[in-house]
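Read the numbers this way: they start at 1 and go in the same order the structure lists the ligands and their atoms. Note that this is a predicted model, so its numbers are computed, not measured.
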Amino acid sequence: MSNLKEEIRNNLNKLQDEINFIFAQGRDTVLSEVTVGQVYGGMRGLTALACNTSYVDPYSGLHIGEYTTEDFSSRLPEEIFFLLCTGKFPESDFIGKFREDLNQRTSVPEYTWNLLRTLPKDTHPMTMLSLGILSMEKESVFKKEYQKGIQKSQYWEYTLEDALNVIAKLPELAAGIYRIRFGDGNLIPHNPDLDWAGNLANMLGLPNSGKDFSELIRLYLVLHCDHEGGNVSAFTSRVVNSALSDLYYAISAGLNGLAGPLHGLANQECLKFILKIDDRYGDSLTEEEVRKYVFETLDSGKVIPGYGHAVLRVTDPRFTAFMKFGDTYCAENNCFKITKKLFAVVPGILKTYKGGKVANPWPNVDAVSGSLLYNFGLDQFDYYTVLFGVSRILGFCAQNILALGLGQPIIRPKSVTNKWIIDKLRER
Ligand code: CMX
């Protein structure tokens, strides 16, 4: 048995002490004021949530605990889950013990496979992932214990049980979705000796799936794990769980948000964009042709996928970590070369396009991830967001475990009508 639960308890005690201190210092302190523009502008820049798993600094990107992306990008996703939940890296014996625990929980129920196999052949893999997890909702330990009448202080412990049950099944479920949707439907068995990422890479059954591909999947699952609390998917998952809908409902809901083209689907949009450039110009693509294509896209009212961010104001460090991988493993790949050419051209264009309306002209993680997967023969780009989802579920789980452990209430901000705002403006 790993010490994960004990360390989460320690972290919750520490976080609770901090909250007690914060409340004692000034429960009524104003952190952020809301403008009319923010009310109509997706609440951008409004500080209204506490999330203690990770933090996105506009200028240095994702931090988990005290660690920057560079500090944690070489770790295993299992260690990242520990870090998200506890704020620190585990001891060296954690991985072995955690793997033993997950190995007891891997099996995806037959009824889930039956459901996934009966869906229409053109169902999006994200729909399959979301439905696959939702279909297992009846297994929720939290729900069963809640119905028996548990204490509020125990909610997080049973939610942790649900989290471990889902996380253990994810490689098998996600790989199975790939095999059903894009392969011959035969599933490759889970290998108890492989780690979480290695198992997923192996069970996809790609001809090219050697050590380097496993390394890419590891990096992918680490870099997408969490991005603080206000992004569409994490926030959705937290809102749903705050109603004490169990983790299966909350994860499925979060994934539905991740499936949107302005969020998790952007990586597949990016690769489509790159392939179109490749199709039109081929190997001899010049910088001038890239510029032309980018302007054509913008002038037709479309966004440049993989560029811009609601919070970041620099090149996403996750993009940088992937570029490093690409330089090492796929420097000669055409998609990767186009990715590099876009990076050389797009920020300069977005900085000044339409008076510089784009707040962040720099690339985010999605600008490169698809090119790397494509290089290894994972050419079904409808599947890419599933990999994003598998990773981001680590964040959903950690955020919900900590929020329940801290006794956070149901989330219910106030909305108002146009008339209410007009009356308010008249009062000035
Ligand atoms: N290409 C062209 N225009 C862009 C742009 C881009 N990459 N990024 C932003 N803009 C435009 C917006 O559409 C908006 O235009 P309007 O005022 O005409 O509506 C204007 O610039 C201001 O937007 P912003 O404040 O810079 O960006 P937002 O915080 O509203 O949106 C994001 C952020 C990511 C949705 C946006 O940059 C975008 O659509 N990027 C392309 C899609 C993408 O890469 N998404 C993945 C993001 C990572 C993630 O969250 O998973």
Point to revise | Residue-ligand contact Asn231/ligand 1, heavy atom below 4.0 Å | key: no
Taking the ring of [Y] and the ring of [X], is the distance between their centroids below 6.0 Å?
X: Tyr155; Y: Phe142; result: yes
X: Tyr67; Y: Phe72; result: no
X: His263; Y: His227; result: no

Point to revise | Check against side chain to side chain contact (heavy atoms under 4.5 Å, CB included), Thr159 and Asp246 | key: CA-CA 7 Å; Thr159 299; Asp246 61 56; over 6 Å; no
Check your understanding: So, for atom 41 (C) of ligand 1, does the protein have a heavy atom nearer than 4.0 Å?
Key ->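 For atom 41 (C) of ligand 1 the answer is yes, since some protein heavy atom falls inside 4.0 Å.
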With heavy atoms under 4.0 Å as the rule, classify the contact between [X] and ligand 1 as side chain, backbone, both or neither.
X: Ala310; result: both
X: Val365; result: neither
X: Val358; result: both
X: Asp366; result: side chain

Practice item. Considering heavy atoms of the protein only, find what lies nearest to atom 39 (O) of ligand 1 and give residue, atom and distance to 0.1 Å. Key: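 Looking at atom 39 (O) of ligand 1, the protein heavy atom closest to it is Leu262 CD2, 3.6 Å.
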Study note, to complete from the structure: for atom 16 (P) of ligand 1, nearest protein heavy atom and its distance come out as Lys357 NZ, 3.7 Å
Can you find an N or O of [X] that's nearer than 3.5 Å to an N or O of ligand 1?
X: Phe388; result: no
X: Lys302; result: no
X: Pro305; result: no
X: Pro261; result: no
X: Ala359; result: yes

Review point. Taking Thr297 for the side chain and Tyr293 for the main chain, is one N or O donor matched with an acceptor at less than 3.5 Å?
Key: yes
Review point. Quick check: does any side chain N or O of Glu228 sit under 3.5 Å from a backbone N or O of Val56, one acting as donor and the other as acceptor?
Key: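 Such a contact is found between Glu228 side chain and Val56 backbone.
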Point to revise | Minimum non-hydrogen distance to atom 31 (O) of ligand 1, winning option of Arg392, Arg44, His224 | key: Arg44
Point to revise | Distance-only polar pair, side chains of Asn400 and Ser237, donor-acceptor under 3.5 Å | key: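 There is such a pair between these side chains.
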For ligand 1, which atoms sit closer than 4.0 Å to a heavy atom of [X]?
X: His263; result: 46 (C), 49 (C), 50 (O), 51 (O)
X: Gly306; result: 43 (C), 44 (O)
X: Gly308; result: 34 (C), 37 (O)
X: Ala266; result: 43 (C), 44 (O), 45 (N), 46 (C)

Practice item. Specify the closest pair of heavy atoms between Asp226 and Gln399, including all atoms of both residues, with the distance to one decimal. Key: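 Between these two residues, the closest heavy atoms are OD1-NE2, 2.9 Å.
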Check your understanding: Centre of Phe89's six-membered ring, under 6.0 Å away, within 45 degrees of the axis: is that where NZ or CZ of Arg75 sits?
Key -> yes
